[in-house]
Amino acid sequence: MASNDQKQGGGSGGGGGGGFFASIASSLSNFGSAMHKSVNGLLGYEGLEVINPEGGTEDVEEEALRGRWKQEERDSYWKMMQKYRGADITSMVTLPVLIFEPMTMLQKMAELMEYSHLLDKADECEDPYLRLVYAASWAISVYYAYQRTWKPFNPILGETYELANHGGITFISEQVSHHPPMSAGHAENEHFTYDVTSKLKTKFLGNSVDVYPVGRTRVMLKRDGVILDLVPPPTKVNNLIFGRTWVDSPGEMIMTNLTTGDKVVLYFQPCGWFGAGRYEVDGYAYNAAEEPKILMTGKWNQSMSYQPCDLEGEPISGTELKEVWKVADVPENDKYQYTYFAHKLNSLDTAPRKLLASDSRLRPDRYALETGDLSKAGAEKSSLEERQRAEKRNREAKSHQFTPRWFDLTDEVTPTPWGDLEVYQYNGKYSEHRAAVDSSDGIDEVDIRSIEFNPWQYGNVAS
């Protein structure tokens, strides 16, 4: 048996007896250390990009060509934003539409489903630690999409997003709160259920913003009924106004099997000077006794691999590093850096029959931006925001409480590293609705584009 010093796992990594991989494990919680070792660090700094952490003028013209900021807009916005330094700007600031992408936060939640086959494999897997490797790789896979520097639209209260025709999955998300902004989502197929309550907390720092995922993500694998809990790292958007905008997510990701106590702890390397260490992820799958069983290594924008290890975290002799996930091919020179799957999220091909009128695809501001009409997108965005305020006044005048349609607020308040979270639970009504629609032959087929966007719970009120 290993000594206690050799079995330091969980949130502080594993290690003790020496060796390169053990040094990773023992330092997983050295959150801010730019000297943190990594497997990829041994391979050289391929694919580097020069990044000015403080922003600057050298990238201004290139950013302008990407359609982001004109100099006069940048300067005026910089002056306006200074009063918000140190504040949570999640919903208090009206942002110009030119920094948005044609997608809402509800659709961005659905991007986790791109590599859902990894959860299918986790459900089918006999090895409890390899099961965690598959599930953790699924959680990492979405970070390729999260590196986009365009902002998604904030959903209107009551807005929804439905996803069909992908991996046998039924997916529904709903905006369940406006202040604070909160979303809930549910996905299910024959192998797993996925439930999330999402609440972002931000801290504006001038030319950057820290984003804290105050949420709860749970996955239930159906074969054995195990429940996995995910705690992702925070994210930092750098050079928000000046310089080339880029995103980093330094810190720990922890996925815990709540049924057995096994867990995966992965360290996302912070980006150093000249891009050193950017994208790199290293860590271990541990058993309930916090002994490392499988090491994991890779880059969140490329691929992840795994290899069985000993109690010191060293690769076991005779085993080899095996790839578990690789990013799919992506379009070249895509304006919004979308993957093919991201484009599908806006497509009617992934919409179910009789799409809900509250669906994000139908938002006029989102659609106008998708077609390249920034002027119309801005006007439609302002109109939707005013109609949302009018709906709130109308609701309060009737002394009515907003009630989500597909999710119920529970009595549970769960702690997260960044604050407590009120938990919403899927109520099953969407499954009943979808089953009724899909089994009915009497429903008239309509052109989805003719459906007017309508998330309003108390009528589609005009300003």
Side-chain angles (χ1 to χ4, degrees), residues 8 10-15 20-56 59 86 136-137 139-149 200-215 230-255 264-284 295-305 313 325 327 337 416-418:
Q8 294 300 312
S12 58
F20 175 67
F21 289 95
S23 73
I24 298 174
S26 65
S27 62
L28 274 174
S29 283
N30 294 337
F31 198 81
S33 174
M35 301 303 292
H36 175 83
K37 295 181 179 180
S38 74
V39 177
N40 289 305
L42 294 179
L43 305 179
Y45 296 143
E46 62 274 1
L48 297 189
E49 52 188 291
V50 177
I51 295 172
N52 179 352
E54 304 302 325
D59 294 320
S137 297
I140 288 171
S141 68
V142 78
Y143 280 83
Y144 181 88
Y146 283 0
Q147 71 179 316
R148 298 197 302 262
T149 55
L200 295 181
K201 180 180 179 181
T202 63
K203 185 175 183 180
F204 180 66
L205 301 173
N207 199 31
S208 65
V209 60
D210 290 340
V211 182
Y212 305 99
V214 187
L230 176 67
V231 179
T235 292
K236 190 180 189 72
V237 183
N238 300 277
N239 299 349
L240 191 64
I241 302 175
F242 290 98
R244 182 178 302 173
T245 306
W246 58 284
V247 178
D248 203 16
S249 297
E252 289 179 344
M253 171 185 284
I254 302 174
M255 175 173 277
V264 166
V265 182
L266 297 170
Y267 183 80
F268 285 54
Q269 286 266 33
C271 179
W273 286 103
F274 303 105
R278 192 181 183 196
Y279 310 119
E280 297 178 11
V281 182
D282 302 291
Y284 291 90
L295 67 89
M296 295 181 65
T297 183
K299 293 187 176 184
W300 52 257
N301 70 329
Q302 292 182 7
S303 65
M304 289 297 296
S305 299
W325 164 77
V327 69
Q337 303 166 295
T416 77
W418 304 284

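Computed from heavy atoms alone, side chains included, the values below leave out hydrogens, waters and symmetry copies.
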For K203 and V211, run side chain to side chain contact (heavy atoms under 4.5 Å, CB included): C-alpha distance rounded to whole Å, both residues' side-chain angles, the deciding distance at 0.1 Å, then the answer. CA-CA 7 Å; K203 185 175 183 180; V211 182; over 6 Å; no
Going through the checks in order, is the side chain to side chain contact (heavy atoms under 4.5 Å, CB included) test met by E280 and Y267? CA-CA 8 Å; E280 297 178 11; Y267 183 80; over 6 Å; no
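Atom CD in Q147 sits 5.5 Å away from atom OH in Y279 (nearest 0.5 Å). With values rounded to the nearest 0.5 angstrom, W325 atom CH2 is found 9.5 Å from W300 atom CH2. With rounding to the nearest 0.5 angstrom, the NZ atom of K299 is 12.0 Å from the CE atom of M304.
Shortest non-hydrogen contact noted between G313 and L295 is O-CD2, 4.0 Å. Nearest heavy atom pair, residue P250 against residue P233, reads O-CB, 4.1 Å. In terms of heavy atoms, P213 sits closest to P234 at CD-CA, 3.9 Å. Nearest heavy-atom pair, S137 versus M296, reported as atom, atom and distance to 0.1 Å: OG-CE, 3.5 Å. Contact detail for A136 and V264: the closest heavy-atom pair is CB-CG1, 3.9 Å. Between N238 and S208, the shortest heavy-atom distance links the atoms CA-CB, 4.1 Å.
Put simply, the side chain of T149 reaches to within 4.5 Å of the side chain of Q337, judged on heavy atoms. R278 places a side-chain heavy atom less than 4.5 Å from the side chain of W246. The closest side-chain heavy-atom distance from V281 to I140 is below 4.5 Å. Residues V247 and T235 are in side-chain contact: their nearest non-hydrogen atoms beyond the backbone lie under 4.5 Å apart.
Counting only N and O atoms by type, the side chains of D282 and T297 include a donor and acceptor under 3.5 Å apart.
The aromatic rings of W418 and Y212 are tilted relative to each other, their planes meeting at an angle between 30° and 60°.
A salt bridge links D210 to K236: at least one charged side-chain nitrogen sits closer than 4.0 Å to a carboxylate oxygen.
When the ring-ring contact (aromatic ring centres under 6.0 Å, His included) test is applied to Y143, the partners found at least two apart in sequence or on another chain are Y146, F268.
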